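Worth saying up front: this structure is predicted, and the values here are computed from it rather than measured.
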Amino acid sequence: MDFSFSDQHVAVRDTVRRLCQSEHQPLVAAAEENEVLPRQVFARWGELGLLGVRYPESDGGSGLDKISDCIVREELSYMSQGFASSWSAHSHLGIWPIWKAGTDAQRQRFFRPAVQGSKIAGFALSEPDGGSNIRALKTRAERVAGGWRLNGSKLYITNAPIADFLLVAARTAPELTGDAVSLFIVELPAKGMVIHKLKKEGIRASETGLIHIEDVFVPDDCVLGGRLGTYPVILESLSENRVGVAANALGMARAAFDAATAYARDRLVAGRRIGDYQAIGHKLADMSAQIEAARWLVYYGAWRVDQNTLDAATAARVKLIASETAVAVSEQAIRIHGGAGIMREYPVGRIHRDALVYVIGEGTSEIQKNIILRELGFKP
């Protein structure tokens, strides 16, 4: 067994670190304060091949693997979850279903420009009343001449305010079955689609929207894959992305831990570094162990994706542990900072707010536990 990164993986990590330190870090404070993501970062990511890192070169990607994808996520998240979340919503949820199930024409029209960074994508699944129950979604698509009419609403959709196109999940039949749920590619701006930008406590630099959909026309050539019943594609996409966002959580946990460690070295009480006091030292030791456990679970999950053996329960375990670790570690980082932990000049408060998003988004921790329980033979 080999637990080390390859030379190629190390090169990817070093490229993203340099990018973050030299180009992105100066943009973070303004992006967080104004809640506006600099759109030009997508073009830069595309130029460096970071948007298509896990897609084959023959399809316009960089020809790497899911481990590389998770490395990019971890390093972006270490710097700013706002940047990383926007990258994730675009490079996976927004375009993975098109790569996986789209027609050749759809890949050329949407996927290739997206991996180049010239078009921004998003994935419109969650609804105001639906929560994590995908089959109960209410947005509906009705057959009309030459295409479909969409009506409904979507909530908490990352990249919606800045997207050039969205994948929209809609019901094509009244039955609460997978066959009745399909994906539609909607180019923006679209007549009848109104996007309201939301103000958030966490991941502020990533732009998120509430979407009202009224008689939005989608032509037949924008039905994903040219077929109905693409619910299984949604499930597969979500499972793989849970491994991905676990890497996001890992990056946040690392950032909080490093900030807390630095503070524990610099802060003196009674002439001693606070890290030398056992009460603080034990916190740091626990945080270090939690992060190390999450790290190997994340990259095990990525390896399973690359081996084409990932299952829903494994993805749920990876996401559950990593997201809860990010919340726990960032909370302890605030406690170690004391009063400084709630000052904006220190990053740990922001990291904690951002980490809390991931025990809710991409399937709550409770949903992950239900998935695991079903694998164990129980019926939650």
Side-chain angles (χ1 to χ4, degrees), residues 3-5 13-14 16-17 20-21 24-26 28-29 32-33 70-71 73-85 200-205 245-300 317-360 365 368-369:
F3 291 97
S4 61
F5 284 156
R13 184 194 65 194
D14 292 347
V16 181
R17 284 185 179 177
C20 289
Q21 293 167 2
H24 288 354
Q25 188 63 58
V28 171
E32 286 287 329
E33 186 66 27
C70 286
I71 290 170
R73 292 168 176 271
E74 182 183 349
E75 295 303 324
L76 286 175
S77 298
Y78 185 90
M79 176 196 70
S80 163
Q81 190 51 222
F83 282 63
S85 179
K200 301 175 296 182
E201 285 300 322
I203 316 186
R204 292 177 180 175
V245 298
N248 290 46
L250 175 61
M252 287 186 283
R254 276 184 48 224
F257 174 74
D258 285 354
T261 302
Y263 190 82
R265 289 195 183 105
D266 294 339
R267 178 79 166 96
L268 300 179
V269 173
R272 297 178 65 194
R273 302 177 303 177
I274 63 171
D276 293 326
Y277 289 95
Q278 194 175 82
I280 299 298
H282 281 184
K283 289 181 187 294
L284 292 169
D286 284 341
M287 294 156 70
S288 176
Q290 289 170 326
I291 291 170
E292 194 67 10
R295 172 182 289 115
W296 293 115
L297 191 56
V298 166
Y299 286 103
Y300 167 71
R317 291 185 184 96
V318 174
K319 198 265 184 182
L320 174 66
I321 296 301
S323 61
E324 293 289 350
T325 294
V327 170
V329 167
S330 57
E331 179 184 340
Q332 291 306 312
I334 292 173
R335 290 172 181 261
I336 289 170
H337 278 71
I342 57 172
M343 298 294 111
R344 287 195 178 183
E345 64 185 285
Y346 295 93
V348 290
R350 167 176 60 83
I351 295 169
H352 187 59
R353 291 196 310 270
D354 292 351
L356 284 167
V357 174
Y358 282 114
V359 295
I360 301 170
S365 290
Q368 308 311 319
K369 292 174 184 178

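In this structure, Asp354 contributes its side chain and Ile203 its backbone to a donor-acceptor pair below 3.5 Å. Judged by distance alone, the side chain of Tyr346 and the main-chain N or O of Ala259 form no donor-acceptor pair under 3.5 Å. For Arg73 (side chain) and Ala247 (main-chain N/O), no donor-acceptor pair under 3.5 Å exists by modelled atom type.
Here the side chains of Ser80 and Glu32 are in contact, with some heavy-atom distance below 4.5 Å. Between Glu74 and Asn248 there is no side-chain heavy-atom pair separated by less than 4.5 Å. Within the 4.5 Å cutoff, the side chain of Val348 has no heavy atoms near those of the Tyr263 side chain. A 4.5 Å side-chain heavy-atom check between Arg254 and Arg295 finds at least one atom pair inside the cut-off. At least one side-chain heavy atom of Arg17 sits under 4.5 Å from a side-chain heavy atom of Arg13. Side chains of Cys20 and Leu76 form a contact here, defined as non-hydrogen atoms less than 4.5 Å apart. Counting heavy atoms from C-beta outward, Cys70 and Tyr299 have side chains that approach closer than 4.5 Å. The closest side-chain heavy-atom distance from Ile71 to Phe5 is below 4.5 Å.
Rounding to the nearest 0.5 Å gives a distance of 7.5 Å between CD1 of Ile291 and CG of Asp258. Within the model, atoms NZ of Lys319 and CD of Gln368 stand 5.0 Å from one another, a figure rounded to the nearest 0.5 Å. Annotation: the span from Ile280 atom CD1 to Thr261 atom OG1 amounts to 11.0 Å, rounded to 0.5 Å. The CG atom of Asp14 lies 8.5 Å from the CD atom of Glu75; values are rounded to the nearest 0.5 Å. Here Gln25 contributes atom CD and Tyr78 contributes atom OH; the two are 10.0 Å apart, rounded to the nearest 0.5 Å. Atom-to-atom distance recorded for Arg353:CZ and Ile351:CD1 is 10.0 Å, nearest 0.5 angstrom.
The two residues Arg273 and Tyr277 come nearest to each other via the heavy atoms O-CD1, 3.6 Å. The nearest pair of heavy atoms linking Ala294 to Ala322 is CB-CA, 4.3 Å. Closest approach of Phe257 to Leu284, counting heavy atoms only: CE1-O, 3.4 Å. Minimum interatomic distance between Ala355 and Met252 (heavy atoms only, all atoms of both residues): N-SD, 3.7 Å.
The ring pair (Phe, Tyr, Trp, His ring centres under 6.0 Å) check on Tyr300 picks up nothing, with sequence neighbours excluded. Listed by chain and residue number, nothing satisfies the ring pair (Phe, Tyr, Trp, His ring centres under 6.0 Å) test with Tyr358 (two or more places apart in sequence, or in another chain).
Side chain to side chain, Gln81 and Ser77 meet the donor-acceptor criterion of an N or O pair below 3.5 Å.
Residue Glu292 places its CD atom among more than 12 non-hydrogen atoms of other residues, nucleotides or ligands, all under 6.0 Å distant. A 6.0 Å sphere centred on CZ of Arg344 holds no more than 12 heavy atoms belonging to other residues, nucleotides or ligands.
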What donor-acceptor contacts under 3.5 angstrom involve side-chain atoms of residues 327-336, with partners at least two apart or in another chain?
residue: Ser330; atom: OG; partner: Ala326; partner atom: O; Å: 2.7
residue: Ser330; atom: OG; partner: Val327; partner atom: O; Å: 3.1
residue: Ser330; atom: OG; partner: His352; partner atom: ND1; Å: 2.8
residue: Glu331; atom: OE2; partner: Arg335; partner atom: NE; Å: 3.2
residue: Glu331; atom: OE2; partner: Arg335; partner atom: NH2; Å: 2.9
residue: Gln332; atom: OE1; partner: Lys283; partner atom: NZ; Å: 2.9

